[in-house]
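Ligands are counted one by one from 1 in listed order, and the atoms in each one are counted from 1 as well. Only a predicted model underlies this, so the values are computations on that prediction, with no experimental measurement involved. Note that these values count all heavy atoms, side chains included, but never hydrogens, waters or copies made by symmetry.
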Amino acid sequence: MRTLTVSLADRSYSIHIGAGLVERAGDLITPVLKRPRVFVVTDETVGDLYLDILLKSLDLADIRHDHAVLPAGEGTKSFAQLESLLDTLLAARVERSTTLVALGGGVIGDLTGFAAAILLRGVDFVQIPTTLLSQVDSSVGGKTGINTRRGKNLVGAFHQPRIVLADIGVLDTLPRRELLAGYAEVVKYGVIDDPAFFGWLETHGLNLLDGDAEARTHAISTACEAKARVVAEDERESGRRALLNLGHTFGHAFEAETGYGATLLHGEAVAMGMAVALDLSAAIGVCPPEDAARLRAHLTAVGLVVDPRKLPGAPDWDLDRLLEHMGHDKKLLDGRVTYVLAKGIGQAYLCRDTDPDRVRSVLAAAIQ
Ligand code: NAD
Ligand code: GLY
């Protein structure tokens, strides 16, 4: 097991990465519990696979527990599911000293974290992320929230977990498509500021996807180290943390156009969005076109679709509607979109004055 720390003074916490952590969860979380009582939130798919294992480990550690099993899928990050979960938690008479445990992917983590942030004006929560995406990104850093009809993640709170247990063993049951979607977020860290890691992924990415435990541990640890560093520096995203949104402005627009459903998963949208962001960087002359091509080549080589026109089941992409979705981005400053661009692989930066005509023409070239 590898252990990293997110350094946030009295809210610092550990990220444990390794195999068999769900079986050991009771013992691992005991030191951070105010009282030996938890409420586990999971989804139907993950619940069928791992809830009994988790509950057994809580029993062995003498931790009292209740649980709720929610529908799987992005639709669960909604006001309706939040309200229903809060009602279930209150009906179970959770107290301020009760800790919520999110067992699942980013959907369960974001929803449970937000419920923890607002329940009884704030209770503790623990992340047990079960997708690659949630292990390398969403479980770390304290962004929690839900989607609204006006866009993704527009309602939420910063609320840090007390501990994160990233069990690489559970990735064995994750469908390949979900694994690949999470892989896009892994690649993101290389593109932001770690060209050596990008090079390592070009060589070992497929091993990781094919189940090599050492490659998985290395990639997840590297990603979590990078995220922990950024979060410690800029928890509330007043600066550098926004780099983690590389690919997300375009990606959220593609997701919104496909209805946040099975046509395009979040990580898949990030892969497409990163490719467009580097094309834009090349178009404005800051990024060598070879680097934009290298990113596309790697994402394609592992099996991700980077060309929106080649997405199975893709809608007829509408340029104006995509641009309209981008205008609902959370990262607006004085009504303008902040883009994450790159001067090359490993050199991402924030750009607040991108020429809208250039954005339009690059996006048009990507979809038409
Ligand atoms: P998800 O939670 O929907 O999980 C994907 C699917 O895999 C689900 O159907 C789930 O039931 C299933 N699953 C999960 N673990 C499994 C396992 N071990 N074996 C088999 N099936 C399993 O999706 P996700 O990709 O983990 O997360 C996406 C969400 O994360 C989005 O809502 C996105 O906005 C959010 N996100 C948040 C942050 C953040 O900082 N908070 C960062 C990135 C993404
Ligand atoms: N996933 C972006 C962030 O956590 O800031």
| message | Below the 3.5 angstrom mark, is there an N/O of Ser134, backbone or side chain, next to an N/O of ligand 1? | response | no
| request: Please determine, by modelled atom types, if Asp291 and Gln347 share a side-chain donor-acceptor pair under 3.5 angstrom. | output: no
| query | Where's the contact between Asn153 and ligand 1, heavy-atom distance under 4.0 Å: side chain, backbone, both or neither? | reply | side chain
| Which ligand 1 atoms does Asp43 reach within 4.0 Å, using its non-hydrogen atoms? | 10 (C), 11 (O)
| Is there a nitrogen or oxygen of Arg241 sitting under 3.5 Å from a nitrogen or oxygen of ligand 2? | yes
| Can you tell me if CG on Asp320 sees more than 12 non-hydrogen neighbours from other groups inside 6.0 Å? | yes
| query | N/O to N/O below 3.5 Å, does that happen between Pro175 and ligand 1? | reply | no
| request: Starting from atom 1 (N) of ligand 2, locate the nearest protein heavy atom and write down its residue, its atom name and how far away it is, to 0.1 Å. | output: Asp137 OD1, 3.0 Å
| query | Charged N to carboxylate O under 4.0 angstrom, Arg321 versus Glu324? | reply | no
| field | Atom indices of ligand 1 within 4.0 angstrom of Lys152 heavy atoms, with elements | value | 31 (C), 32 (O), 33 (C), 34 (O)
| For ligand 1, which atoms, with element, lie under 4.0 Å from some heavy atom of Tyr50? | 18 (N)
| said: One thing to verify: whether Asp210 and Arg176 come together as a salt bridge, which I'm taking to mean a side-chain N less than 4.0 angstrom from a carboxylate O. | reply: yes
| Can you name the one residue among Asp137, Asp234, Asp193 that meets salt bridge (charged side-chain N to carboxylate O under 4.0 Å, His left out) with Lys227? | Asp137
| Interfacing atoms of ligand 1 (cut-off 4.0 Å, heavy-atom, Val170) | 17 (C), 18 (N)
| message | I'd like to check whether Arg241 has a polar contact with ligand 1, where a contact means an N/O of the residue lying under 3.5 Å from an N/O of the ligand. | response | no
| task | Give a yes/no on ligand 1: does Lys227 have at least one heavy atom closer than 4.0 angstrom to it? | result | yes
| said: Counting only heavy atoms from other residues, nucleotides and ligands, does the tally under 6.0 Å from CZ of Arg35 exceed 12? | reply: no
| request: For Lys77, take its heavy atoms, then give the atoms of ligand 1 lying under 4.0 Å from any of them. | output: 31 (C), 32 (O), 33 (C), 34 (O), 35 (C)
| Can Arg24 and Asp167 be counted as an ion pair, charged N to O under 4.0 angstrom? | no
| Pick from Asp137, Val270, Leu174: the one approaching atom 43 (C) of ligand 1 most closely through a non-hydrogen atom | Asp137
| Do Glu74 and His266 get their side chains close enough for a donor-acceptor pair, meaning under 3.5 Å? | no
| query | Looking at Met1 and Leu28, what are the two nearest heavy atoms and their distance? | reply | CE-CD2, 4.1 Å
| remark: Residue, atom and distance of the protein heavy atom nearest atom 6 (C) of ligand 1 read Glu178 OE2, 3.4 Å
| remark: Looking only at non-hydrogen atoms, the one of Thr173, Val140, Ile108 nearest atom 20 (C) of ligand 1 is Thr173
| note | Going by the 4.0 angstrom heavy-atom rule, the piece of Lys143 near ligand 1 is both
| request: May I ask you to check if ligand 2 and Lys188 share an N or O to N or O distance below 3.5 Å? | output: no
| query | Which residue owns the protein heavy atom closest to atom 15 (N) of ligand 1, what's the atom, and how far is it? | reply | Thr130 OG1, 2.8 Å
| said: Please list the nearest protein heavy atom to atom 35 (C) of ligand 1 with its residue and the distance rounded to 0.1 Å. | reply: Asp110 OD2, 3.4 Å
| request: Quick one: closest heavy-atom pair of Pro315 and Glu257, and the distance? | output: CG-O, 4.1 Å
| Purely on distance, is any nitrogen or oxygen of Lys227 under 3.5 Å from one on ligand 2? | yes
| Spatial distance of atom CZ (Arg11) from atom CG (Asp124) [nearest 0.5 Å] | 11.5 Å
| message | I'd like to check which ligand 2 atoms, numbered from 1 as shown, lie under 4.0 Å from a non-hydrogen atom of Lys143. | response | 2 (C), 3 (C), 4 (O), 5 (O)
| For atom 9 (O) of ligand 1, which candidate among Gly156, Gly105, Ala72 holds the nearest heavy atom? | Ala72
| remark: Restricting to heavy atoms, the pick from Thr131, Asn245, Leu49, Val107 nearest atom 14 (C) of ligand 1 would be Thr131
| message | Whether Arg93 and Asp66 form a salt bridge (side-chain N of Lys/Arg under 4.0 Å from carboxylate O of Asp/Glu) is what I want to check. | response | no
| said: Among all protein heavy atoms in this structure, tell me which lies nearest to atom 31 (C) of ligand 1, with the distance rounded to 0.1 Å. | reply: Glu74 OE1, 3.3 Å
| request: Name the orientation class of the two ring planes belonging to His248 and His252 (parallel below 30°, tilted from 30 to 60°, perpendicular beyond 60°). | output: perpendicular
| task | Starting from atom 28 (C) of ligand 1, find the nearest protein heavy-atom neighbour and note its residue, name and distance. | result | Leu133 CD2, 3.9 Å
| Nearest heavy-atom pair of Gln81 and Thr76: which atoms, and what distance? | CB-O, 3.1 Å
| task | Could you tell me the residue and atom name of the protein heavy atom closest to atom 23 (O) of ligand 1, and the distance to it rounded to 0.1 Å? | result | Gly106 N, 4.1 Å
| field | Distance, nearest 0.5 Å, that separates OG1 of Thr99 from CG of Leu33 | value | 4.5 Å
| Which ligand 1 atoms does Ser138 reach within 4.0 Å, using its non-hydrogen atoms? | 36 (N), 37 (C), 38 (C), 39 (C), 40 (O), 41 (N), 42 (C), 43 (C), 44 (C)
| field | Minimum heavy-atom distance Pro129-Val170, with the two atoms named | value | O-CG2, 4.4 Å
